[in-house]
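Here the structure comes first, spelled out in structure tokens, and everything after it is commentary.
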Amino acid sequence: MTSLRPNLVKRIQRLPKPHNVAGAMTPLFEAVSNAIHSTQAKFGKEVSRQGKVEVVVSTNRKKDDVWATVEDNGLGLDEANWEAFTTTDTDNKIAIGGKGVGRLMWLDCFKNIQVTSVFSDHHSRLYKRSFSFCLTLEEQIQGLQVSPAPLESDTSFFVRFTGVRDNGYLAKFPGRGDYVFQHLTSHFLPAFIGGRCPSIRVSVGDETRIYPDAISEIVHKRVDVTPDESAEFDQLTITLMECDKVASADLKGKHFVHFIAHDRTVHSQKIDGKLGLDYFGANLDRVFHAIVTGPFLDRNVNQERTAFVFEDAVIERIIKDVCTPYIDAFLSEPLSALSSAQRAKISSITQTYPSVAFGSPEELQDRVPSGELKEDAIYGHLARERFRRDERQAEKIRGVLARLKGNEISAETFSQSLEEASRALEETEQRSLAEYIVRRKVVLDFIDLLLENVRDDTSDSAFQREDVLHSFICPLRISTAGSGRGKVEPAASHDLWVVDERLTFAQYFSSDVPFSDLTEAFSSKERPDVLIFDRVHGLRQKQDPSKVLLVEFKRPGRTNYPDSENPQMQVQRYIQQLQSGKLSDVRGRPIELSEQTIFYCYIIADNVGKMQDWTFHWQRTADGRGRILRPDHGFRGSIELVPWDALIDDARARNQAFFDKAGISGESIFTSKG
């Protein structure tokens, strides 16, 4: 009968190779783990007092002479353990979750492996077994010697590793001793804390640390709790720890709950998202770790100790239902500080965007994940909740309207139904209106600041190139993706209501300078302000060309103008071009206007210098500050000169009642606070 021939070399070559320091140290850690289990098997409950493990690691920056040894006073390679060692897929340690592949990883990592073990036979006689463990196709156990050891006093196991293979392990193996301690501490933290760990002496170079005592250097606070026994999870024990951040060096995250079965870590659940904490503590160098043990976990681990046999949701339930109350109490101080910081962020966001202030600060915070401090993320959570609430309100309104339409409401209940619908509308719209009012206040305060800066330094054009100013004055955008000239498009929104409320929803469609020139000016660093000042910009409220609104902005404080910028002549010249039908709009379509089109033209400029001379004969506006011209022929409409200060004062007056109602009538939001 013919059997399949195993190829151990190929199997080991296919083992996953390390991608980091933790992975490169895993074969050594497997040897340490075996030593821990061997001492636990020998000494049982007395392992912490009688069990001994010694680890020595020699490494350097060049990594040209790396070696390590692991020695323990456990059972050694007795007959049962020897049978398991020489079987590639053993079930010898299934009861404690052994993987059975640790020694295969030794071969994958190290070039030379020497093993010496003292063991006891059934008559308590001591023997010594020594050999070389080699990566070969056959006879991996070489130079095997077994002999009586009458001079030995106890059982033991010793392994020496030399030479790290250049197959991924060499590149990632640590060249500094502190890295060895750092990752060993992190990897075995649950075992060190568990209470059934032998004394482990670790020496790297000139430094020696003894575990688990050395854990006190990184565990700054520890609390052990035993929650009430439950029918589902039996009796669990939780160890809560505030650790130095080195405790998480071997893990992909900061804060963890470790689930232990048979004294080995089966699953480490990252809870960074649940806590919302970054590093905490006075020096921002602390992390949180918890260890959960109990018979329920021991009974429900798979044979390989790689996972539990229950669903992942059980882990989540244990954390939520059993651990969270104790975690919250243990981390009350950093969590409280985090909660306060989050409330401050939420308060700031709702002041700027009142539409998402749909409830009390406490209610709002309940809708945001614990610890979330990114403003865009907070706004996103609140906006989604607002959308859901608005949908519920809209459903109420639809219900009322359906009853009205279906004649289900009598005359007696008609008023009540209208009030119900009105109240639902008010709840959804009031917040949006408040946000819109705040925006108008910000725009007006900004323009005030703009005027001050431009008038103080008329040579500086950088200030008026701000995007906010573009969105206010020049309601178009120019895309300059790639090389060449950009493409002009109407902006999605603007703030020309400052000039006239009729402009609130007006659409940009033209400029008295060709759009090709606009895109060139936009690309130029010399005169980008040509997009804003000294050009006539055309808007209309709808596609029907019966009304056209033309707006021209002059630089604040300007006194000198060439004759070509006489506002009356400039506007009339452009109107003639529009009426000729020879111009194209911003999207490249011909502009067609009827003879009945009415042109409402605004010149926004300080009435000083030459501007004052040009408009001297125009009619004064009602407030006496501006000027208006209504031509007798040529075009239908008017040209109005609006001084900058009058523009802002009039816009504030129109919106004052809203500002008062919203409680934002005070000083400019740009006023510096002392």
Side-chain angles (χ1 to χ4, degrees), residues 33 36-37 39-41 43-51 93 95-98 185-200 211-216 218-244 247-248 250-251 253-271 274-275 286-302 305-332 335:
S33 182
I36 293 174
H37 293 146
T39 56
Q40 289 173 338
F43 298 109
K45 295 181 179 181
E46 295 295 316
V47 65
S48 59
R49 188 173 62 87
Q50 298 184 35
K93 296 165 72 177
I96 57 173
T185 300
S186 176
H187 186 88
F188 289 103
L189 177 64
F192 294 155
I193 297 297
R196 296 190 65 244
C197 181
S199 174
I200 304 176
Y211 296 92
D213 294 344
I215 285 297
S216 61
I218 68 164
V219 178
H220 303 285
K221 178 182 176 183
R222 170 177 171 172
V223 173
D224 297 297
V225 296
T226 304
D228 294 336
E229 184 174 344
S230 70
E232 183 177 9
F233 305 127
D234 295 340
Q235 184 68 69
L236 294 175
T237 299
I238 308 172
T239 299
L240 308 156
M241 296 174 291
E242 177 184 316
C243 306
D244 188 275
S248 299
D250 216 34
L251 302 166
K254 298 180 178 70
H255 315 293
F256 289 85
V257 176
H258 306 278
F259 291 82
I260 310 299
H262 300 299
D263 298 308
R264 299 186 72 177
T265 303
V266 177
H267 181 79
S268 294
Q269 182 73 23
K270 183 173 72 172
I271 58 170
K274 289 183 174 62
L275 293 181
R286 303 294 173 84
V287 293
F288 170 79
H289 286 261
I291 294 173
V292 182
T293 60
F296 173 78
L297 300 178
D298 292 340
R299 291 195 306 270
N300 288 282
V301 67
N302 67 2
R305 193 226 59 181
T306 56
F308 290 106
V309 296
F310 46 65
E311 296 179 351
D312 292 343
V314 174
I315 291 287
E316 296 292 338
R317 288 208 306 275
I318 292 176
I319 293 176
K320 179 181 178 182
D321 299 339
V322 181
C323 301
T324 295
Y326 298 99
I327 294 174
D328 288 346
F330 185 80
L331 296 174
S332 59
L335 289 177

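One is the number of the first residue; the rest follow in order along the sequence.
The stretch residues 318-327 participates, sequence neighbours left out, in no salt bridge (charged side-chain N to carboxylate O under 4.0 Å, His left out) pair at all.
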Practice prompt. Evaluate side-chain contact (heavy atoms from CB on, under 4.5 Å) for Val322 paired with Ser230, printing each intermediate quantity in order.
Written response: CA-CA 9 Å; Val322 181; Ser230 70; 5.7 Å; no
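Qualifying side-chain hydrogen bond (donor to acceptor under 3.5 Å, both in side chains) partners for His255, counting only residues two or more places apart in sequence or in other chains: none.
Between the OG1 atom of Thr293 and the CG atom of Asp298 there is a distance of 8.0 Å, given to the nearest 0.5 Å. Residue Ile327 holds its CD1 atom at 7.0 Å from CD1 of Ile238, rounded to the nearest 0.5 Å. To the nearest 0.5 angstrom, Leu189 atom CG is 5.5 Å from Cys243 atom SG. Taking CD from Glu46 and CZ from Arg196, the interatomic distance works out to 11.0 Å, rounded to the nearest 0.5 Å. Between the CG atom of Asp224 and the CG atom of Leu240 there is a distance of 8.0 Å, given to the nearest 0.5 Å. Rounding to the nearest 0.5 Å gives a distance of 11.0 Å between CG of Asp244 and OG of Ser186.
Side-chain atoms of Phe310 and Leu297, non-hydrogen and from C-beta on, do get closer than 4.5 Å to each other. Ile36 is listed as a side-chain neighbour of Ile200, based on a closest heavy-atom distance under 4.5 Å. Phe192 places none of its side-chain heavy atoms less than 4.5 Å from the side chain of Ile218. Pro212 has its side chain out of reach of Ile193: every pair of non-hydrogen atoms, C-beta onward, lies at least 4.5 Å apart. The shortest distance between side-chain heavy atoms of Phe259 and Ile318 falls below 4.5 Å.
Note on ring orientation: taking the six-membered ring where Trp is involved, the planes of His289 and Phe256 are parallel (angle under 30°, cut-offs 30° and 60°). Between Phe330 and Phe288, the two ring planes are tilted [angle within 30° to 60°].
When all heavy atoms of Phe308 and Ala261 are compared, the closest pair comes out as CE2-CB, 4.0 Å. Contact between Gly51 and Thr39 at its shortest, heavy atoms only, is CA-CB, 4.2 Å.
In this structure, the side chain of Glu242 does not engage the main chain of Arg286 through any donor-acceptor pair within 3.5 Å. Formation of a donor-acceptor pair under 3.5 Å by the Gln235 side chain with backbone atoms of Pro227 is found in this model. The backbone N or O of Ile319 lies less than 3.5 Å from a partner atom in the side chain of Thr324, making a donor-acceptor pair.
Of the charged side-chain nitrogens involved, none lies within less than 4.0 Å of a carboxylate oxygen, so that Arg317 and Glu311 do not count as a salt-bridged pair.
Atom CG of Asp312 sits in a sparse spot, with 12 or fewer heavy atoms from other residues, nucleotides or ligands closer than 6.0 Å.
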